[in-house]
Amino acid sequence: MKKYKWLIFVIIGIIIGSIVFLLYPRIKLNNKLIKLESEYTPDVRVYNIISDLSKNVKTTNNVDTSKLGKYDVNVKFKYLFITFKKKYVVEVVDREKPVISLVGSEVGIACPGKEYVDEGATASDNYDGDITDKIKVELGDNKLVYRVSDSSGNTNKIERSIEYKDEESPIIELKGNSTIYLYVGNSYSEPGYTANDNCDGDITDKVKVSNDINTSSTGTYKITYSVTDSNGNNASVERTVVVRKRTVYNTYGDGLVYLTFDDGPSERTREILNILDEEGIKATFFVCGANEYTKRAYNSGHTIALHSNTHNYSYIYASSSNFFEDLTAIDNKVYNVIGIHSKYTRFPGGSSNTISRNYSYGIMTYLTGEVENRGYTYFDWNVDSNDAGSDVYNSDNIYANVINHLSHSKTNIVLMHDSGGHTATVKALRNIIRTAKEYGYSFKAIDSSTPVVHHGVNN
Ligand code: ZN
């Protein structure tokens, strides 16, 4: 028997070994690479040959799926009174490509023979955020290739093809107004122009100018400016020149006296209206506002004409759009009070003013034409009471300035003012009227039959 004893030990050993082999648990963690921002639950399997033991497993981990990196997963489970532990290292990874997009169009256009000016691209990554500064651009055959990679090595690319062509027309810009008004006998002087092309740059020197202007005869003429760029694209613009006959009635007319009062209404307007009523005559008010005196004047048969809403030279003479905005504003104020749109106007400073040169060269030449185009008639004056000049407080001089310059052989348009400070004007008014009557003059408010008095334009 002794000789078989070792055999019994061997058999027992094999049996125990087999049992341990059969019962010993095997552990496996299936998900070791974790997608960024995903929900993570360790997928641990524990089993032996006989059965699945996974339900006894407890796991703990410090995985933060919002941050790339390595984390620990600890697995613990009990089986047959023995505690098993195992530690795994898992990794949160980013496998998503960055997104890259072009700024501007997919096809870049460049001038023939010139370099394409890249509009660039932008890139953003789910993990790194804006990575536009990581973009690398390569020039290929008629294309640009933009590549970018994120911090995890995921790459992406985009292409832009480039076409070398020029289909854009040059741009001609006119200096000065697009319509220029001249009087017969004036000479036309070109205010200038520029021409620019997307490919050629400044091509002003290639502009061809043609015109049929004849300043010795009234009419509407065209000046044509045209230019062609080096790739054959054309542009042309026109300017209109209107040659008009000068209408000045300085030395002849209807022999009537038209008293005109600028810059009101004010308290002086009320006093003036009283005098005009008492003397039974009509006059004209070029207003800067409208109130009850305006209404009273209108109802009494005086003419309400437009002067200015702001009377601010630096504003109204800076541009024609400013001027007409201001004129429309006073027109509307008057309309709201008397219910009609007056068609008579007077330029602040008169049409002959030179102050407007400080704000816009040539603007009076334009405005004197344009107010007429818009249906207004403007009046200057040929008898100046000087009540807004050095004689503002001197009623004797105001009286003399008017009386001495009246003439039976002209239309007498008398400039006076009815804004607040003009008490001397009010004081002189009755004597002016009475003396003029004695000299045989009649008075009238401006209407459509009144001969127009215009100054010469100086700007
Ligand atoms: Zn004025």
Side-chain angles (χ1 to χ4, degrees), residues 258-273 283-291 293-294 297-298 302-320 322-334 337 342-360 363-364 367-368 370-371 376-394 397-398 401-402 405 412-426 428-429 432 445-446 450 452-459:
Y258 295 85
L259 298 180
T260 67
F261 298 93
D262 287 9
D263 300 350
S266 77
E267 276 303 303
R268 304 293 82 74
T269 313
R270 184 178 56 80
E271 295 160 2
I272 288 167
L273 287 172
T284 302
F285 294 86
F286 287 93
V287 300
C288 289
N291 64 13
Y293 302 140
T294 316
Y298 177 69
H302 303 290
T303 294
I304 306 302
L306 309 174
H307 193 34
S308 174
N309 190 48
T310 63
H311 211 291
N312 178 350
Y313 294 123
S314 68
Y315 177 72
I316 61 174
Y317 293 139
S319 69
S320 63
N322 284 8
F323 177 85
F324 283 105
E325 187 188 293
D326 177 90
L327 186 62
T328 303
I330 186 61
D331 187 354
N332 289 334
K333 279 186 181 173
V334 167
V337 170
S342 177
K343 284 296 168 196
Y344 304 111
T345 184
R346 172 175 284 163
F347 292 102
S351 67
S352 56
N353 80 78
T354 52
I355 192 167
S356 56
R357 283 182 199 159
N358 299 338
Y359 311 112
S360 179
I363 194 167
M364 294 315 301
L367 292 178
T368 49
E370 186 59 17
V371 292
Y376 295 99
T377 302
Y378 73 90
F379 283 86
D380 288 307
W381 57 89
N382 53 16
V383 178
D384 186 355
S385 71
N386 199 31
D387 70 342
S390 53
D391 294 326
V392 58
Y393 301 122
N394 190 329
N397 283 2
I398 292 170
N401 293 335
V402 176
H405 292 94
N412 300 278
I413 308 272
V414 182
L415 174 66
M416 293 191 282
H417 293 81
D418 64 332
S419 45
H422 290 285
T423 50
T425 303
V426 177
L429 181 60
I432 289 170
I446 285 173
T450 307
V452 176
V453 169
H454 285 177
H455 294 166
V457 172
N458 295 309
N459 174 31

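Whatever order the structure lists ligands and atoms in, that order sets their numbers, starting from 1. Residues take their numbers from the sequence shown, with the count starting at 1.
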Is the Zn ion (ligand 1) less than 2.8 Å from an N/O/S atom of His307, whether that atom is in the backbone or a side chain?
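Of the N, O and S atoms in His307, at least one lies under 2.8 Å from the Zn ion (ligand 1), which means yes.
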Nearest non-hydrogen partners of Pro265 and Thr294, listed with the distance:
CG-OG1, 3.6 Å
is_close_aromatic(Phe347, Phe323), centroid dist under 6.0 Å
yes
Are Phe261 and His417 an aromatic pair by the rule of ring centers under 6.0 Å?
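No, the ring centres sit 6.0 Å or more apart.
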Restricting to N, O or S atoms, which atom of Asp263 is closest to the Zn ion (ligand 1)?
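So the atom name we want here is OD1.
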Considering only N, O or S atoms, which atom of His311 is nearest to the Zn ion (ligand 1)?
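Output for this pair reads NE2.
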Pair Arg346 + Asp262, salt bridge at N-O below 4.0 Å:
yes
